[in-house]
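Let me begin by presenting the structure, written as structure tokens, before commenting on it.
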Amino acid sequence: MATACPPLSLQPAYLSGRGYGGDGGGRDGGGAAAGERDQGEEGRETAGLAHEAGRESYQLLCERHPSFRERSENVDLVVEISLQPWKVFKPDGVILFSDILTPLPGMNIPFDIVKGKGPVIFDPLRTAAAVNEVREFVPEEWVPYVGQALNILQEEVNNEAAVLGFVGAPFTLASYCVEGGSSKNFSKIKKMAFSEPEILHNLLQKFTTSMANYIKYQADNGAQAVQIFDSWATELSPVDFEEFSLPYLKQIVDSVKETHPELPLILYASGSGGLLERLPLTGVDVVSLDWTVDMAEGRKRLGSNIAVQGNVDPGVLFGSKEFISKRIFDTVQKAGNSGHVLNLGHGIKVGTPEENVAHFFEVAKGIRY
């Protein structure tokens, strides 16, 4: 997730202009099937990266606006930051600059993102009474700047790229709120899960309803695909994932597809190798892989009915241009000739040479099937 400046490690989610906003058809601008919507025009490989934390223009903006929440809750700043990488590299998508915790104040969960520490939940949710105080999120009332920014972004890119939104998954949001912030061992939420599961299920249901509404809100305001981040679901064993994450993810997807059947939904869970076969059961259109899973093995384990995103190691961009090209071609070959969004397996690293980022796009956009 996005943390305090400088690291902006949003998992990338760029999709093709053709499939997500290029050729019309529906609110989300593209009704193509999973196998074709992420191929660009003339079968071109699609590519994208997250906001580049190391760019000088972003660093200067951080100096002027040191508060992450100010940067992510001001329409003009959100638009400016969201467009920075697109203006330089022209990827196939523009991802909304925001944070998965942005909805929390609207759910009666005060928080802040503290430089050098990350997210801080002021009153962690550890009792039934505290969870009962959590209210349903109404994005129109609490985050109008998100809708305004998405509308402006869609106008700015003018169908030259897809506009992408994102939300946090229920278990990941619950983890932050129960732990009180980031965690290394997740002991507090696991204690709740294994000793008072009814409290956790109550909280997960509230996040599920709220995030389904938030996805619909983003789609109604210009997002042409939405990625769901379940960053901490991989801290669960498979059997616990099936109880505390999977049913809520599926509920979100089912709810969104009822009202926005053509909206592509992407799921990302870092370190998901142990859960891979379970991720398509959520009903999402695309599963995003990190670099710890071999692309060919991931394809095989996920099955042929779902698109895949990823999964070049971000560290590869510190290598030579020849090395970067080799890894790109290897990933594309293993992914096959359809249903693949070429991308990094996680957010771009601070200090990544800008010329290597440019090379990534140059090579990716030159690939033809």
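Bear in mind the structure is a predicted one, so any value in this text is a computation, not a measurement.
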Between atom CD1 of Ile328 and atom CZ of Phe361, what is the distance when rounded to the nearest 0.5 Å? 9.5 Å
d(Cys177 SG, Arg126 CZ) to nearest 0.5 Å is 11.0 Å
Can you tell me how far CZ of Arg327 sits from CG of Leu317, rounded to the nearest 0.5 angstrom? 11.0 Å
Take atom CD of Glu140 as the centre, draw a 6.0 Å sphere, and report whether it contains more than 12 heavy atoms from other residues, nucleotides or ligands. yes
Kindly give the heavy-atom pair with the smallest separation between Ser98 and Phe68, and that separation in Å. O-CZ, 3.7 Å
Test of understanding: clusters of I, L, V, M, F, W, Y form through side-chain heavy atoms closer than 4.5 Å, transitively. Do Leu281 and Phe244 belong to the same one? yes
Taking atom types as modelled and ignoring hydrogens, do the side chains of Asp290 and Asn311 form a donor-acceptor contact shorter than 3.5 angstrom? no
Please check if Leu267 and Ile306 belong to a single hydrophobic cluster, counting links between Ile, Leu, Val, Met, Phe, Trp and Tyr side chain heavy atoms closer than 4.5 Å. yes
Considering all heavy atoms of both residues, which atom of Ser187 and which atom of Glu179 are nearest to each other, and what is their separation? N-OE2, 3.3 Å
Could you go through the side-chain contact (heavy atoms from CB on, under 4.5 Å) check for Ile215 and Leu265 one step at a time? CA-CA 9 Å; Ile215 291 174; Leu265 296 176; 4.0 Å; yes
Would Phe137 and Tyr214 count as a ring pair (Phe, Tyr, Trp, His ring centres under 6.0 Å) if you check the C-alpha gap in whole Å, the side-chain angles of each, and the deciding distance to 0.1 Å? CA-CA 8 Å; Phe137 180 56; Tyr214 193 25; 5.2 Å; yes
Rounding to 0.5 Å, atoms CD (Glu362) and CG (Asn356) come to a distance of 11.5 Å
If the test is side chain to side chain donor-acceptor pair (under 3.5 Å), which one of Lys250, Gln251, Lys257 qualifies with Asp254? Lys250
Could you tell me which non-hydrogen atom of Leu125 sits nearest to which non-hydrogen atom of Met192, and how far apart they are? O-CE, 3.5 Å
Just one of Asp230, Thr172, Asp240 clears the side chain to side chain donor-acceptor pair (under 3.5 Å) bar with Ser245, so which one? Asp230
Over all heavy atoms of both residues, which pair between Gly165 and Ala223 is shortest? Give the atoms and the distance, please. N-CB, 3.9 Å
Could you pull out every donor-acceptor pair under 3.5 Å between side chains of residues 270-280 and any protein atom, sequence neighbours left out?
{"from": "Ser272", "atom 1": "OG", "to": "Ala269", "atom 2": "O", "distance (Å)": "3.1"}
{"from": "Glu277", "atom 1": "OE1", "to": "Arg301", "atom 2": "NH2", "distance (Å)": "3.0"}
{"from": "Glu277", "atom 1": "OE2", "to": "Arg301", "atom 2": "NE", "distance (Å)": "2.7"}
{"from": "Arg278", "atom 1": "NE", "to": "Glu242", "atom 2": "OE2", "distance (Å)": "2.8"}
{"from": "Arg278", "atom 1": "NH2", "to": "Glu242", "atom 2": "OE2", "distance (Å)": "3.4"}

Salt bridge Asp294-Lys334, side-chain N to carboxylate O under 4.0 Å: yes
Do you see a donor-acceptor pair shorter than 3.5 Å between the side chains of Gln154 and Asn221? no
Any donor-acceptor pair under 3.5 Å linking the side chain of His340 with the backbone of Thr331? no
Go through the steps to decide whether Ser325 and His359 satisfy the test side-chain hydrogen bond (donor to acceptor under 3.5 Å, both in side chains), and finish with yes or no. CA-CA 8 Å; Ser325 298; His359 180 72; 2.7 Å; yes
Among the clusters formed by ILVMFWY side chains lying less than 4.5 Å apart, do Val138 and Ile252 turn up in the same one? no
Do the side chains of Val316 and Phe329 join up, straight or via other hydrophobic residues, at under 4.5 Å, putting them in one cluster? yes
Are Lys216 and Asp220 within salt-bridge range, i.e. N to O under 4.0 Å? no
Between Ser195 (side chain) and Lys191 (backbone), is there a donor-acceptor pair under 3.5 Å? yes
Can you name the one residue among Asn159, Leu150, Leu263 that meets side chain to side chain contact (heavy atoms under 4.5 Å, CB included) with Gln224? Asn159
Check: Asn158 side chain, Glu160 main-chain N or O, donor-acceptor pair, under 3.5 Å: no
Between Gly93 and Trp86, the two heavy atoms sitting closest are O-CD1, 4.4 Å
To the closest 0.5 Å, what do you measure between OG (Ser82) and CZ (Phe97)? 7.5 Å
Any donor and acceptor pair, going by atom type alone, linking the side chain of Asn132 with main-chain N or O of Ala128 inside 3.5 Å? yes
If you measure from CG on Leu203 to CZ on Phe171, what distance do you get to the nearest 0.5 Å? 10.5 Å
Between Asn108 (side chain only) and Arg135 (backbone N and O only), is there a donor and an acceptor less than 3.5 Å apart? no
Main-chain N/O of Lys206 paired with Thr209 side-chain donor or acceptor, under 3.5 Å: no
Hydrophobic clusters here meaning ILVMFWY residues chained together by side-chain heavy-atom distances under 4.5 Å, can you tell me if Phe360 and Val332 are in one? yes
Worked check of side-chain contact (heavy atoms from CB on, under 4.5 Å) between Leu61 and Gln84: CA-CA 11 Å; Leu61 192 145; Gln84 280 182 355; 4.1 Å; yes
Mind listing the closest non-hydrogen atom pair of Asp99 and Ile113 along with its distance? OD2-CD1, 3.6 Å
